[in-house]
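Predicted, not measured: the structure shown is a model, and the values here were computed from it.
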Amino acid sequence: MSLLPRTAEEFSSADYWERFFRKRGEKAFEWYGDYNSLCGVLHKYIKPRDKVLVVGCGNSELSEQLYDVGYRQLTNIDISETVVSHMNQRNAEHRPDLTFQQLDATQTGFESGSFQAALDKGTLDAMASEEDGALAGRMLAEVGRVLAVGGRYVCVTLAQEHVIKLAVEHFAQGWAVRIHCLSGQQNEESDSSFALPVFVLVCTKFRQAPPFAVLELCQGEDGAPARLASVPELLSAVKERQAYNLMLHKLRGGTDANSTPSLTLCHAATGWPRYTLTVQDSLPSAKLPRSNHFAIFIVPQGRESDWLYGSAEGRTQLASSAKFRRLVIVAMHRDQEYEDMQAVQSELSPMVMELAPPGMPANQQVPFLSVGGDLGWREVIGRGVSALTGEYSVEDVRGEDGHLYRRLIFMNNSQLVQSESRLRSAVTASSAHKKKNKKKSKPSVSEAPALTDAKDRIADRGFLCCTHHEVMVAGLAMLGMDAINNKDHPMSVLLVGLGGGGLPQFVHDFVPFARVEVVELDPAVLEVAQSWFGFQTDERLKVILGDGLEHIKTLESKGGHSFDVIMFDVDSKDTTLGMSCPPSAFVETSLLKKVYSLLTPRGLFMLNLVCRDSALRKSVLERVRAVFPCVLSRGIEGEVNEVLLCCRSAGEGHKPHSIPQALQQTARDLQKTLRANTQTAPCVPQIDITAMLNDLKVI
């Protein structure tokens, strides 16, 4: 590596190249690829009869090899006197017509339109860093001048961002621009740090500029050209190919359980995302069968947001269960059609094999794994754009339990299910309601609806998909049954964060007399909840559109307001923090004190906390404990979520060191109350209150 330029600017220094070639001596320098790796694409665009100007030829054997296969009209120029003299001497006897001239590529002196092709192997890269690109700009202008109409500038380049941007922008108007991405240099003799792919830029000169830009990218020498709409899109596509090759280089270097790179495979013709691949390696200490090197796991459609597939913790668990050195987890994208599992395997096989771990035998069979052997099912039933959060999708999917679920997904974080409801058949629900009214009997739990039209599937308001919502409902038992059943002084609930509306709707439907007030920042979320998740407001269930923080501050400053329960179930949009729920402002001491003051003496504050940063979690718990005399925690198995149940009063004036035994009896009484209230609700509450309170811990 000592022979390569120490800085980018040295590429353009004539003195540097003089020193370089004197030190290099007779050995040809082919670090951009030799003739064998380039001949396919070169022969495609340069014909043996063409007059070819080789710009910055150096001591590469490329011109000699082209001459030997029939290219006899090659004019080679270079800035280095040493290399020109050496190359003329080397070829005088066996290639008398192969000429080398010491010329400045920005001022060649050749007649305009005198060449059919200009071949550049690394010269643009060398010149682009000089004079802020001005030197390379003059070279490109000179190449454009000496090329005839229909002539091609063929440039072999590493396509560093500033280099390719300069060239593409120079030729984008009036020329056709096509870029081929060739494989990176991965042979055993190549330097381990040289993992970038080689690109071949082909610019064709038109007599008259077309009315639109012709910008294309091809994978490999024979890949079909993909048309790009703009220069930034083309540059972005090049950058993606470079990133992919760097990732391959790293993956071929070894396994690393702490690194989980991912890439998106797009449809070649449309450019739409089709698959997302995530690489998950097992820990070095894992005990694995010796033959289990590599496997591919196909995530069922619509399930990519499940914890097992959509979170780092879940994917680690999946890989541990699969027991392979490397597992590639494949998620299929919405708005794409997939024929069957066999077709998916055939489509993926050529690409995923590039991700195999080092040391895998060449003839190793690579299994494709899945759940139940099918592709799953997903139907996008609604789309929209939130002014606050961007594009969203409402989609029905089939869960692992066979039931259908409706999900709200925001596209800026498509691995996260924002809201979810289990579905039931609207026809079944209607007939069950009539039967209930006639016989006064409890309806049975509805079965999963068949794959009918979306309008025939409705949210099951008696089923809470999120365990932390179940814990919050169960936590109401801490108020005591007198508070829950008090018709004269109904239980009052303030909830910050609506989502699909499942939690407030459940409390409204099954807790007698409860009055629920919801604060939601995003009007689009309210519209989705009402349109797709069966959320219905009335005099006991109201929604206020606005900032939850400001609403709490306003209520506290005005005075005269109090709630039996205040719930925070709101996510953070700041992904840089280690806490995704709630936003940090919701757990500042000043706001927690306002929440405390808004609670009735028997009041309860419930917080859905999702914090992966142990130090930050500790800080949050310390702040909560400083405000509330009694704090209980309920972790959610298999998830990062935990629910904090914070009492305004400690009961006997001190923090309890154990969970009160009376709570279990209250839990059973609450279960009966929810069931009894089914007569006024459209479905049955499916929740085990006692189970939700079994694992409470005192903080």
Side-chain angles (χ1 to χ4, degrees), residues 421 424 429 432-433 435-437 439-446 459-464 466 468-496 498 500-519 529 533-544 561-567 569 598-606 643 645 647-648 660 662-693:
S421 289
R424 62 205 303 260
H433 184 66
K435 185 177 180 181
K436 178 189 70 176
N437 289 340
K439 295 189 176 182
K440 302 293 183 181
S441 60
K442 296 179 182 178
S444 61
V445 177
S446 62
D460 184 348
R461 285 158 51 166
F463 186 86
L464 293 169
C466 300
H468 72 273
H469 284 171
E470 292 185 287
V471 174
M472 287 178 157
V473 170
L476 297 176
M478 296 182 65
L479 294 174
M481 293 309 299
D482 290 341
I484 293 172
N485 289 323
N486 195 326
K487 185 175 183 179
D488 295 328
H489 299 284
M491 183 184 72
S492 56
V493 179
L494 174 64
L495 169 62
V496 179
L498 173 65
L503 175 59
Q505 192 73 62
F506 188 98
V507 174
H508 167 274
D509 288 351
F510 301 111
V511 179
F513 320 122
R515 307 185 71 86
V516 184
E517 182 178 305
V518 186
V519 185
F533 288 85
F535 180 68
Q536 297 175 330
T537 59
D538 60 19
E539 70 280 356
R540 290 198 300 112
L541 178 54
K542 300 183 182 300
V543 175
I544 297 171
H561 291 81
S562 60
F563 298 91
D564 295 306
V565 183
I566 296 179
M567 301 175 174
D569 186 27
L598 285 173
L599 289 171
T600 60
R602 67 188 183 190
L604 185 65
F605 170 51
M606 302 186 187
V643 177
L645 305 175
C647 301
R648 192 181 192 278
L663 185 59
Q664 291 298 319
Q665 181 57 51
T666 309
R668 289 190 287 271
D669 292 340
L670 176 57
Q671 185 84 48
K672 294 177 182 177
T673 298
L674 298 182
R675 284 281 182 175
N677 207 43
T678 300
Q679 298 300 321
T680 60
C683 44
V684 179
Q686 299 165 57
I687 182 173
D688 188 338
I689 300 295
T690 302
M692 291 298 107
L693 298 178

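When all heavy atoms of Gly462 and Phe506 are compared, the closest pair comes out as O-CE1, 3.5 Å. Nearest heavy-atom pair, Thr690 versus Ala667, reported as atom, atom and distance to 0.1 Å: OG1-CB, 4.0 Å. Here the closest heavy-atom approach between residue Ala477 and residue Thr666 is recorded as O-CG2, 3.1 Å. Closest approach of Ala529 and Gly500 over heavy atoms only: CB-O, 3.5 Å. Among all heavy-atom pairs drawn from Arg461 and Gly534, the shortest one is NH1-O, 3.4 Å.
Once rounded to the nearest 0.5 Å, the distance linking CG of Leu494 with OG of Ser562 reads 11.0 Å. Here the CD1-CG distance, from Ile484 to Leu670, works out to 4.5 Å after rounding to the nearest 0.5 Å. Here Asp669 contributes atom CG and Ile689 contributes atom CD1; the two are 11.5 Å apart, rounded to the nearest 0.5 Å. Here the CG atom belonging to Leu599 is positioned 7.5 Å from the CG atom belonging to Leu604, to the nearest 0.5 angstrom. For the atom pair Ile544 CD1 and Leu498 CG, the distance stands at 12.0 Å (nearest 0.5 Å). Rounded to the nearest 0.5 angstrom, Arg515 CZ and Lys542 NZ are separated by 7.0 Å.
Side-chain contact between Asp688 and Gln671 is present, with heavy atoms from C-beta onward closer than 4.5 Å. In this structure, the side chains of Met478 and Leu663 come closer than 4.5 Å at one or more pairs of heavy atoms. For the pair Leu464 and Gln686, the minimum side-chain heavy-atom distance is 4.5 Å or more. A 4.5 Å side-chain heavy-atom check between Phe535 and Pro504 finds at least one atom pair inside the cut-off. Looking only at side-chain heavy atoms (C-beta outward), Met491 and Asn486 stay at 4.5 Å or farther from each other. Contact of the Ile687 side chain with the Phe510 side chain is not registered, since no non-hydrogen atoms from C-beta on lie closer than 4.5 Å. No side-chain heavy atom of Val473 sits less than 4.5 Å from a side-chain heavy atom of Met692. At a threshold of 4.5 Å between non-hydrogen side-chain atoms, the residues Leu476 and Met606 count as touching.
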Begin with the C-alpha distance, continue with both residues' side-chain angles, and end with the deciding distance and a verdict on side-chain contact (heavy atoms from CB on, under 4.5 Å) for Gln505 and Phe533. CA-CA 10 Å; Gln505 192 73 62; Phe533 288 85; over 6 Å; no
What verdict does the side-chain contact (heavy atoms from CB on, under 4.5 Å) test give for Leu541 and Val518, after you've listed the backbone C-alpha separation in whole Å, the side-chain angles of each residue and the deciding distance to 0.1 Å? CA-CA 8 Å; Leu541 178 54; Val518 186; 4.2 Å; yes
Going through the checks in order, is the side-chain contact (heavy atoms from CB on, under 4.5 Å) test met by Val507 and Met472? CA-CA 10 Å; Val507 174; Met472 287 178 157; over 6 Å; no
Verify side-chain contact (heavy atoms from CB on, under 4.5 Å) between Val516 and Arg540, making sure each step is shown before the conclusion. CA-CA 6 Å; Val516 184; Arg540 290 198 300 112; over 6 Å; no
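Within 6.0 Å of atom CG in Asp538, more than 12 heavy atoms from other residues, nucleotides or ligands are found, so the atom counts as buried in its surroundings.
No donor-acceptor contact under 3.5 angstrom links the side chains of His489 and Asp564, judged on distance only.
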